[in-house]
Trainee: 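Below is one structure. I have some questions about it.
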Number of protein chains: 2
Amino acid sequence: MKEGPDISRVAALIGDPARANMLMALMNGKALTASELAAEAGVTAQTASGHLGKLQSGDLVQVRKQGRHKYFALANADVAAALEGLMGLAAGQLRTRTGPKDAALRHARVCYNHLAGQKGVQMYASLLRRGLVREDRDEVALTPDGISFAEEFGIDLDGLTSSRAPLCRSCLDWSERRTHLAGSLGRAMLTRMETRGWVRRDADSRVILFSRDGSAAFEAAFPAVMEP
Amino acid sequence: MKEGPDISRVAALIGDPARANMLMALMNGKALTASELAAEAGVTAQTASGHLGKLQSGDLVQVRKQGRHKYFALANADVAAALEGLMGLAAGQLRTRTGPKDAALRHARVCYNHLAGQKGVQMYASLLRRGLVREDRDEVALTPDGISFAEEFGIDLDGLTSSRAPLCRSCLDWSERRTHLAGSLGRAMLTRMETRGWVRRDADSRVILFSRDGSAAFEAAFPAVMEP
DNA sequence: TTCATAGTTCGACGTTAACCGAAGCATTCA
DNA sequence: TGAATGCTTCGGTTAACGTCGAACTATGAA
């Protein structure tokens with residue numbers, strides 16, 4: 001009867017609307033303070049404090065104290081992946097109300113800290129097609145060609161590989177139902193595109209906006225792969 | 001504030017212990033009746049009826065009426081994938097109590113309807129290594145070599161490809177944190193191994209037991225890939 | 001020191017939802 | 001036809017949990 005881990009506790013943790021909103025707000029990878037999360041969830045500071053305590057003891061978020069602020073972030077990439085999985089289910093059954101922002105979100109958005117949406121899967125597909133990354137088992141790895149490509153793109157691979165987190169990871173996209181690039185490389189790719197001026201993040205959403213030049217440069221660097 | 005789909009509803013649906021137990025019981029892919037699920041969840045028939053109604057209207061399970069029985073099954077593979085994602089989180093934080101069955105579960109179990117656990121990822125890794133399947137984008141496909149291999153293995157590919165469901169899919173394993181083969185091919189592979197007498201399913205758990213000959217045959221067919 | 005801001009703790013209120021007993025349909029078997 | 005089984009609906013009880021007001025601690029600024 002009791003096989004495997006106890007799902008219901010984690011699910012119940014995510015199951016509260018206020019907590020779910022907080023987690024969704026953290027999906028852009030940036031750390032937020034308790035009051036920001038309270039506003040995001042639409043509750044007062046006291047209740048937010050309670051929720052954040054539960055999220056923390058449930059290992060869904062990590063916290064860093066800084067001065068009189070407390071910064072919260074998702075605990076790890078697994079949490080983000082699990083949330084995306086739930087989003088896939090929720091999107092499937094609730095196809096009503098396709099808000100105005102939804103189109104922009106599907107086009108390009110930030111997932112935890114990397115590029116997601118149509119442009120995310122396009123980039124990943126292009127990398128795969130050109131043999132720059134390879135999926136071996138579930139591990140995603142840069143090929144030799146990919147290593148030189150990444151360095152040419154302006155990414156400090158030595159700095160990345162020294163960290164604990166896996167360099168490459170694949171993450172299932174809830175809107176596209178395809179995989180896109182995650183991991184520290186995915187994160188570095190996105191920040192590099194920001195510093196290059198290709199993209200910028202919308203201030204109060206997860207939308208990623210392409211500049212005119214950036215859009216052209218992106219299409220040149222990661223041409224869309226023909227559908228099968 | 002309200003971006004993307006509403007996660008909390010689905011999560012709350014899974015968040016109840018009784019419903020979570022039901023879903024876990026359905027993870028072996030077999031359809032169960034309402035009373036079996038009631039027993040599995042440890043509740044009476046009435047409350048189970050209520051829970052199953054919610055799961056159904058939440059599109060997490062599908063139902064088929066047969067005589068005076070109602071058979072429930074997971075709605076689709078996406079549900080199974082989302083549940084596995086949650087299991088990954090729950091397993092991470094609750095590393096206590098590694099029951100006696102856990103070792104067997106990690107070794108080989110059924111996930112929805114295909115092989116999971118150490119043996120599942122071993123098979124998938126071997127298929128990849130030998131070039132029998134290829135991951136292109138997130139789509140997994142049989143190579144020409146893989147097609148002849150599958151037919152030689154005794155699988156009717158024509159019958160499979162005619163169905164709606166994708167032939168190959170990858171599914172993240174919560175215990176191994178690696179990918180294994182899902183989709184209708186993954187399902188067919190497992191049933192083929194059963195009819196060949198390589199494996200049999202434990203009656204009241206998700207454990208898959210290898211026969212002596214089956215274990216040897218499996219190792220010969222899908223040799224373990226060296227760790228990187 | 002004094003004030004303002006960030007966050008927490010406490011207590012009380014209200015809503016929600018799980019749960020079961022009992023009764024009611026529906027289907028199958030004798 | 002009657003009896004048994006599988007499932008559902010209805011009421012009423014109970015417990016859990018989210019919510020906020022008010023009071024409290026801690027850090028930083030004037």
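The sequence lines fix the lettering, A, B, ..., with proteins before strands; numbering per chain opens at 1.
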Trainee: For C:dA18 and B:Thr47 - does any side-chain N or O of the residue sit under 4.0 Å from the phosphate oxygens OP1/OP2?
Mentor: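 For C:dA18, OP1/OP2 do not have a side-chain N/O of B:Thr47 under 4.0 Å.
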
Trainee: Tell me the interatomic distance from B:Leu13, atom CG, to C:dA18, atom P, rounded to whole angstroms.
Mentor: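 Going from B:Leu13 (CG) to C:dA18 (P), I get 9 Å.
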
Trainee: Rounded off to whole Å, could you give me the CG-to-P distance for the A:Asp16 and D:dA16 pair?
Mentor: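 That distance rounds to 17 Å.
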
Trainee: Take A:His114 and A:Arg187 through the test side-chain hydrogen bond (donor to acceptor under 3.5 Å, both in side chains) and record every step on the way to the result.
Mentor: CA-CA 5 Å; A:His114 49 267; A:Arg187 177 168 169 271; over 6 Å; no

Trainee: Output the rounded distance in Å from CZ (A:Phe72) to P (C:dA6).
Mentor: 14 Å

Trainee: Please give, in whole Å, the distance from D:dG6 P to B:Tyr71 OH?
Mentor: 10 Å

Trainee: In this structure, how many angstroms lie between the C1' atom of D:dG6 and the CG atom of B:Leu32, rounded?
Mentor: 15 Å

Trainee: At under 4.0 Å, does any side-chain N or O of A:Lys54 touch on OP1 or OP2 of D:dC17?
Mentor: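 For D:dC17, neither OP1 nor OP2 has a side-chain N or O of A:Lys54 closer than 4.0 Å.
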
Trainee: Answer with yes or no whether the side chains of A:Asp6 and A:Ser8 bring together a donor and an acceptor at under 3.5 Å.
Mentor: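 There is such a pair (donor and acceptor under 3.5 Å, judged by atom type) between the side chains of A:Ser8 and A:Asp6.
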
Trainee: Rounded to the Å, how far apart are B:Met22 CE and C:dC19 C1'?
Mentor: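 After rounding, the gap between these two atoms is 12 Å.
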
Trainee: A:Leu55 has an atom CG; how far is it from atom C1' of C:dT8, in whole Å?
Mentor: 16 Å

Trainee: Counting heavy atoms from C-beta on, name the nucleotide in C:dC19, D:dC20, C:dT9 closest to the side chain of A:Ser49.
Mentor: C:dT9

Trainee: Of all the heavy-atom pairs spanning A:Ile155 and A:Met189, show the shortest one and how long it is.
Mentor: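 Residues A:Ile155 and A:Met189, closest heavy atoms: CD1-SD, 3.3 Å.
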
Trainee: Looking only at side-chain N and O atoms, does A:Lys70 come under 4.0 Å of OP1 or OP2 in C:dT8?
Mentor: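 Looking at the OP1 and OP2 atoms of C:dT8, one of them is under 4.0 Å from a side-chain N or O of A:Lys70.
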
Trainee: Counting side-chain heavy atoms from CB outward, which of C:dA6, C:dT9, D:dT19 is closest to A:Arg68?
Mentor: C:dA6

Trainee: For the pair B:Arg192 and B:Glu151, find out whether any cationic side-chain nitrogen is under 4.0 Å from an anionic carboxylate oxygen.
Mentor: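 Answer for the salt bridge query: no.
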
Trainee: Of all the choices, C:dC19, D:dT8, D:dT19, which nucleotide is nearest to the side chain of A:Ala18 once you look at every atom?
Mentor: D:dT19

Trainee: Specify the residue among A:Gln46 and B:His69 whose closest nucleotide of DNA chain D lies further upstream toward the 5′ end.
Mentor: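 Here B:His69 is the residue nearer the 5' end.
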
Trainee: Assign B:Ala45 to base, sugar-phosphate, or nothing according to its heavy-atom contacts below 4.0 angstrom with the strands shown.
Mentor: base

Trainee: Phosphate oxygens OP1/OP2 of C:dC20: is one of them under 4.0 Å from a side-chain N or O of B:Thr44?
Mentor: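 Yes.
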
Trainee: Kindly indicate, with the supporting measurements, whether the criterion salt bridge (Lys or Arg N to Asp or Glu O under 4.0 Å) is fulfilled by A:Glu194 and A:Arg200.
Mentor: CA-CA 6 Å; A:Glu194 285 185 85; A:Arg200 64 179 181 80; over 6 Å; no

Trainee: Rounded to the nearest angstrom, tell me the gap between atom NZ in B:Lys65 and atom P in C:dC25.
Mentor: 15 Å

Trainee: Output yes when at least one side-chain N/O atom of B:His51 is less than 4.0 Å from OP1 or OP2 of C:dA17, else no.
Mentor: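 Indeed not, no polar side-chain atom of B:His51 lies that close.
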
